[in-house]
Undergrad: 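Starting off with a structure, shown below.
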Amino acid sequence: MRIIVTGGAGFIGSVMVQYLVNTYPEDTIINLDKLTYAGNLENLKPIEDKANYKFIRGDIADRKFVFDLFEQENPDCVINFAAETHVDRSVKNPEDFVRTNVMGTTTLLDACKEFSTPRYHQVSTDEVYGDLPLDRPDLFFTENTPLHASSPYSASKASADMFVQAYHRTFGLPVTISRCSNNYGQYQFPEKLIPLMISRALNDQELPVYGTGTNVRDWLHVEDHCKAIDLIVRNGKIGDVYNIGGHNERTNLDVVKTILETLGKPETLIKYVKDRPGHDRRYAIDPEKLEKELGWVPTYNFDTGIRQTIQWYLDNQDWMQHILSGDYQTYFKDMYKDRVQ
Ligand code: NAD
Ligand code: DAU
């Protein structure tokens, strides 16, 4: 197969590209990425010289570029990871999210339609379902939970999902969608909770916990997410949605305390700051369909996965330093300046 992976220089996309390049030497993997602040070619160092790998810089919302690329590469499959992904950035600047997440997705769908691409997979998120109450641990998101987005980010992802489903119904496009819970692991940009807290704790800086720290996220190791997507792309039912998650719910405070304990840093570093506007309370995925239909089983649980992840950041401090020494300091000052109570 010739597979175009979009957003393959980001956190999850780069793990997916590495997985596909190494697992399927007979396939050609074409990584299409705009290299925004979140794209990092260092993530691809382990496979950049492999014969079945190719990187192309470009924008999924640039129609001419995308159509030319499809004509040239004639892909058998497109897996769309490319997106603006940070909820806090979407609160400050929703427009970028509409452009990439909605218009970029419809541009790819139009190209798949034009070139009769045999398979399109949309990498979506559990955030499209909105949130669950904290006092109902019996409730989970299933594939039939109605879409109920809370943030400009999740609204843009829900909108993209609806276009994917509309192109399936109206034009018969062969699509699948996956909706995964929060990922953690190697190569995650330090704007997201876990790498942000690790990098700040390592530098003995305050750890900004939003609100009371009681919001709950359902954590999945990035490699388990990528294996699930591979199964869905190869064996999933056309037109279907698959939820991905491993039943690893933790409060934010639990996660931050685990990081501090593992690094041997004091809890006095925790600083409660102004809450995120519209902050979703709890995410929790029911992955039964994926397990039963496709036999997916996660290999990590959170307690082992988080320790291995912390060790990765300790062993790869150069990777983090390259990010922290760029525009990141300006981002951090701007994003957190109103949060100190
Ligand atoms: P990320 O922010 O780390 O990476 C996004 C990548 O997309 C970057 O390499 C960036 O350069 C690229 N990109 C952005 N705009 C582009 C454009 N217009 N054209 C081409 N490339 C562009 O994101 P991530 O956390 O790896 O998430 C990847 C996908 O998985 C997203 O679609 C996200 O919604 C979804 N997802 C993420 C999580 C999570 O916990 N991180 C969970 C579920 C689903
Ligand atoms: O659920 C899947 C989603 O998970 C993905 O679709 C998104 O792309 C991804 O960013 C993530 O969204 P969250 O908003 O849950 O992730 P984030 O790491 O930004 O925040 C996790 C929790 O930690 C959330 O409740 C907010 C809180 N938080 C976050 C940051 C950055 C803090 O308390 N302090 C912080 O500084």
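The structure displayed is predicted, hence computed values, not measured ones. For ligands, and for the atoms within them, numbers begin at 1 and follow the listed sequence. Residue numbers count from 1 along this sequence.
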Undergrad: Do any nitrogen or oxygen atoms of R217 lie less than 3.5 angstrom from nitrogen or oxygen atoms of ligand 2?
TA: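 Yes - when backbone and side-chain N and O of R217 are compared with those of ligand 2, one distance drops under 3.5 Å.
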
Undergrad: Tell me: protein heavy atom nearest atom 27 (C) of ligand 2, and distance?
TA: N252 ND2, 3.4 Å

Undergrad: So which protein heavy atom does atom 36 (O) of ligand 2 come closest to, and at what separation?
TA: Y336 OH, 2.6 Å

Undergrad: Listing request: all salt bridge (charged side-chain N to carboxylate O under 4.0 Å, His left out) pairs with a residue in residues 109-125, at least two apart in sequence or in separate chains.
TA: R63-D110

Undergrad: Checking K333 now: which residues fulfil salt bridge (charged side-chain N to carboxylate O under 4.0 Å, His left out) with it, not counting sequence neighbours?
TA: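 K333 satisfies salt bridge (charged side-chain N to carboxylate O under 4.0 Å, His left out) with no residue once adjacent residues are dropped.
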
Undergrad: Exactly which residues line ligand 1, taking a heavy atom under 4.0 Å from it as the test?
TA: G7, A9, G10, F11, I12, D33, K34, L35, T36, A38, G39, G58, D59, I60, F81, A82, A83, T85, T100, V123, S124, T125, Y153, K157, C180, S181, N182, N183

Undergrad: Identify the closest protein heavy atom to atom 1 (O) of ligand 2: which residue and atom is it, and at what distance?
TA: D126 OD1, 2.5 Å

Undergrad: Please confirm whether K157 approaches ligand 2 to less than 4.0 Å, judged on its heavy atoms.
TA: no

Undergrad: Could you give all pairs that pass the salt bridge (charged side-chain N to carboxylate O under 4.0 Å, His left out) test and reach residues 16-43, with sequence neighbours left out?
TA: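 Qualifying pairs: D27-R234, K34-D59.
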
Undergrad: Looking at D161, T125, D126, which one forms a side-chain hydrogen bond (donor to acceptor under 3.5 Å, both in side chains) with R179?
TA: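 It is D161, the one option of D161, T125, D126 that forms the side-chain hydrogen bond (donor to acceptor under 3.5 Å, both in side chains) with R179.
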
Undergrad: Nearest protein heavy atom to atom 16 (O) of ligand 2, by residue and atom, and its distance?
TA: N182 ND2, 3.5 Å

Undergrad: Does an N or O from T125, backbone or side chain, lie closer than 3.5 Å to an N or O of ligand 2?
TA: yes

Undergrad: Considering only NZ, NE, NH1 and NH2 on the basic side and carboxylate oxygens on the acidic side, decide whether E261 and R307 come within less than 4.0 Å.
TA: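 Yes, charged N to carboxylate O under 4.0 Å.
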
Undergrad: Look at K289 together with D240 and state whether they make a salt bridge at an N to O cut-off of under 4.0 Å.
TA: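 Answer for the salt bridge query: yes.
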
Undergrad: In the protein, what heavy atom is nearest to atom 13 (P) of ligand 2, and what distance, to one decimal place, separates them?
TA: E127 OE2, 3.5 Å

Undergrad: For L193, which part has a heavy atom under 4.0 Å from ligand 2: side chain, backbone, both, or neither?
TA: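 Answer for L193: both.
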
Undergrad: Could you check whether the rings of Y184 and H221 sit parallel, tilted or perpendicular, using 30° and 60° as the cut-offs?
TA: perpendicular

Undergrad: What I'd like to find out is whether the side chain of D327 reaches to under 4.5 Å of the side chain of Y37, using heavy atoms alone.
TA: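 No, every pair of side-chain atoms sits at 4.5 Å or beyond.
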
Undergrad: Determine whether the side chain, the backbone, both or neither of L196 has a heavy atom under 4.0 Å from any heavy atom of ligand 2.
TA: side chain

Undergrad: Is it the case that Y187 and Q18 place a side-chain donor and acceptor less than 3.5 Å from each other?
TA: yes

Undergrad: Which residue supplies the protein heavy atom nearest to atom 14 (O) of ligand 2, what is that atom called, and how far is it?
TA: R276 NH1, 2.6 Å

Undergrad: Indicate whether any N or O donor in one side chain lies under 3.5 Å from an N or O acceptor in the other, for Y331 and H86.
TA: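 Yes, H86 and Y331 have a side-chain donor paired with an acceptor closer than 3.5 Å.
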
Undergrad: Does only the side chain of T85 get under 4.0 Å from ligand 2, or the backbone, or both, or neither? Count heavy atoms.
TA: both

Undergrad: Supply the atom-to-atom distance F140 CZ to H247 NE2, rounded to the nearest 0.5 angstrom.
TA: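 With rounding to 0.5 Å, CZ (F140) is 5.5 Å from NE2 (H247).
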
Undergrad: Does a donor on one side chain sit under 3.5 Å from an acceptor on the other, for D254 and T251?
TA: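 A donor-acceptor contact under 3.5 Å links the two side chains.
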
Undergrad: So which of Y272, Y210, F141 gets nearest to atom 30 (C) of ligand 2, if we judge by its closest heavy atom?
TA: Y210

Undergrad: For atom 34 (N) of ligand 2, which protein heavy atom lies nearest, and how many Å away is it?
TA: P208 O, 2.8 Å

Undergrad: Looking only at side chains, do T6 and N80 share a donor and an acceptor under 3.5 Å apart?
TA: yes

Undergrad: Note the single closest protein heavy atom to atom 31 (C) of ligand 2, along with its residue, its atom name and the distance in Å.
TA: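 Scanning the protein heavy atoms, the shortest distance from atom 31 (C) of ligand 2 goes to E191 O, 3.2 Å.
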
